Number of protein chains: 2
Amino acid sequence: MDLWSEDSREQRLIHAFSQFKKVDWNKHTVGDLKPSEVQVLFCIKKGYETVSEVRDILRVTSPTVTQIINRLEEKGYVERTVNKEDRRSSQVKLTDQGIAVTVKAFNMYVTSINGLIDYLGEEESEQLIGLLDKVFVYYKDLNSR
Amino acid sequence: MDLWSEDSREQRLIHAFSQFKKVDWNKHTVGDLKPSEVQVLFCIKKGYETVSEVRDILRVTSPTVTQIINRLEEKGYVERTVNKEDRRSSQVKLTDQGIAVTVKAFNMYVTSINGLIDYLGEEESEQLIGLLDKVFVYYKDLNSR
DNA sequence: TTGATATAGTTAGGTTCCCTAACTAATTAT
DNA sequence: ATAATTAGTTAGGGAACCTAACTATATCAA
């Protein structure tokens, strides 16, 4: 099989990856929230409350998280309070408004994702999750060497 | 199952998607080429030679392609010539230097992807391609309604 | 205990990739 | 012939990231 052929497994995988990256499964605008802001709100809603925690869950850098939280604070969706035990770190909490908008966003995401899950079926959905994780782990290990 | 639980299928899929988007399977720098430039070079190497064709294959807009090609032209990797049959459209061709760098980039990409294919095995690789395409098609249809 | 090192977070500035709006020039349809 | 369409371009901007350099606090080690 000629590697330059569009049908080689390598090419198909490269193409599938590129295409998939462009899928805007998370591009529903929820009010004034950008997708990255929604992701951070989800993290906080789940109970991760410091910049470091959010950074590790989302696998981005601290400045990225700081800046997203700055915007969320300006919009009145979160509040920072200094941790009494360790004054270097701050606890980020959702405001009432923040909770409302997060729940709203979450419902939209779940509805959308459920459409996909219905389309794929239970078995293929699980397969997909497993494979995506596996790919992620492979590249993570590759880069940390 | 509580939807807010990290273990709900919805949450796991949302998380898997976010993580996967961050995988930098295409972040090997090849000389002075950015990943987007590599993708365009691959298209041209495959024989797509107008802005419109590249745009449709990569599913971006014309200005995006134009600007990438501008940079590739500055770097001496491609050349534009006006199409005699339709003077609105231009044919983009690789220079000798362009061919060399494209082949080099392609070899790097294939080597990297083959690492993944080995890791997943033949069956799972095909499953992955199939599932990614399926997701892509689902969202494409969803958006065109 | 104090001085070095590590950790949490921030600010500033930059890169990449992508977009829309507004445009030119050429072609096709009425 | 003129209106509409198509191909491509330029200009400007936004989203999501990053690194470098910084402040402030905490911990470790001599």
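What you see is a predicted model; the values in this text were computed from it and never measured. To find a chain, count down the sequence lines: A is the first, B the second, and so on, and within it residues start at 1.
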**Item:** Nearest-angstrom distance from the residue atom CG of Asn83(B) to P of dA25(C)
**Value:** 18 Å
**Prompt:** Which sits closer to the 5' end of DNA chain C, Asp86(A) or Thr64(A), going by the nucleotide each is nearest to?
**Reply:** Asp86(A)
**Prompt:** Under 4.5 Å between any side-chain heavy atoms of Arg71(A) and Ile68(A), yes or no?
**Reply:** yes
**Gln67(A) side-chain proximity, nearest of dA12(C), dT10(D), dT16(C)** = dA12(C)
**Prompt:** If you find the nucleotide of DNA chain D closest to Lys84(A) and the one closest to Ser62(A), which residue's nucleotide is nearer the 5' end?
**Reply:** Ser62(A)
**Request:** Send over the distance from Leu33(B) CG to dT16(C) C1', rounded to a whole Å.
**Result:** 14 Å
**Message:** Any base atoms under 4.0 Å from Ser36(A), or only sugar-phosphate, or nothing? Heavy atoms, all strands.
**Reply:** sugar-phosphate
**Message:** Of the options dC17(D), dC18(D), dG9(C), whose atoms approach the side-chain atoms of Thr61(A) most closely?
**Reply:** dC18(D)
**Message:** Quick one about Tyr77(A) and Asp32(A) (side-chain donor to acceptor, distance below 3.5 Å, no hydrogens or angles considered), yes or no?
**Reply:** yes
**Message:** Closest approach to the side chain of Pro63(B), judged atom by atom: which nucleotide of dC17(C), dT9(D), dA16(D) is it?
**Reply:** dT9(D)
**Message:** In this structure, how many angstroms lie between the P atom of dC18(C) and the CZ atom of Arg59(B), rounded?
**Reply:** 13 Å
**Polar side-chain contact Arg88(B)-dT27(C) base: donor and acceptor under 3.5 Å** = no
**Request:** Could you check which of dA26(C), dA7(D), dA11(D) has an atom nearest any side-chain atom of Arg87(B)?
**Result:** dA26(C)
**Asked** Whole Å only: how far is the CG atom of Asn70(A) from the C1' atom of dA15(D)?
**Response** 16 Å
**Asked** Looking for any heavy atom pair under 4.0 Å, which part of the strands does Glu53(A) touch: base, sugar-phosphate only, or nothing?
**Response** nothing
**Selection from dG8(D), dA16(D), dG13(C) that lies nearest to any side-chain heavy atom of Arg80(B)** = dG8(D)
**Asked** CD1 of Ile68(A) versus C1' of dA15(D): gap in Å, rounded?
**Response** 10 Å
**Request:** Determine: side-chain N/O of Ser90(B) to OP1/OP2 of dA7(D), distance under 4.0 Å, yes or no.
**Result:** no
**Message:** Donor-acceptor check, side chain of Lys22(B) to backbone of Leu58(A), threshold 3.5 angstrom: yes or no?
**Reply:** yes
**Message:** Whole angstroms only, please: what is the CG-C1' distance between Leu58(A) and dA15(D)?
**Reply:** 15 Å
**Complete:** With the side chain defined as heavy atoms from C-beta on, Thr66(B) is closest, among dG9(C), dG12(D), dT9(D), to dT9(D)
**Length of the line joining Gln91(A):CD and dG9(C):P, which is rounded to integer Å** = 10 Å
**Request:** Check the pair Val101(B) / Leu94(B) against side chain to side chain contact (heavy atoms under 4.5 Å, CB included), numbers first and verdict last.
**Result:** CA-CA 10 Å; Val101(B) 85; Leu94(B) 295 175; over 6 Å; no
**Item:** Between dG8(D) (C1') and Tyr48(B) (OH): distance, integer Å
**Value:** 20 Å
**Prompt:** So, does Glu124(B) use its side chain to make a donor-acceptor pair with the main chain of Gly121(B) at under 3.5 Å?
**Reply:** no
